[in-house]
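Working notes for the structure below.
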Amino acid sequence: MGLAIISLLVLLVVAIIAIPILARVLGEATRRNPNRPEGEGDETSEGDRRSGAHRE
C-alpha cells in the first residue's frame, strides 16, 4: 500500500513537470505552421515555392 502511494506521488510530480513542457512544445509547433487558418505564413503555399511557378 505504501509503495502505491509513493508511486502515485512520483507520477503526480512527473505530470506537473511534463504538462507545461508539452503545452509549450505543441504551442510552438502550431505557431510555426504557416498553413493554419489565420496563420502568420505568407500568401504562397510551400508547394508553390517548390514548383517554380513564380520563377522568371
Side-chain angles (χ1 to χ4, degrees):
M1 182 74 171
L3 185 61
I5 293 172
I6 292 172
S7 298
L8 284 175
L9 289 174
V10 170
L11 186 62
L12 179 68
V13 170
V14 169
I16 288 172
I17 293 171
I19 289 173
I21 292 172
L22 285 174
R24 181 174 172 99
V25 168
L26 294 175
E28 283 292 322
T30 340
R31 196 173 304 128
R32 287 188 291 165
N33 184 0
N35 295 326
R36 78 179 198 278
E38 301 174 8
E40 295 178 4
D42 58 3
E43 294 298 318
T44 60
S45 67
E46 210 169 302
D48 291 342
R49 284 185 266 158
R50 289 187 195 155
S51 67
H54 300 292
R55 291 186 185 169
E56 294 179 15

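Residues satisfying the side-chain contact (heavy atoms from CB on, under 4.5 Å) test with Ile17, not counting sequence neighbours, are Val13, Ile21.
Nearest heavy-atom pair, Pro20 versus Ala15, reported as atom, atom and distance to 0.1 Å: CD-O, 4.3 Å.
Clustering of Ile, Leu, Val, Met, Phe, Trp and Tyr by side-chain heavy atoms under 4.5 Å joins Ile16 with Leu12.
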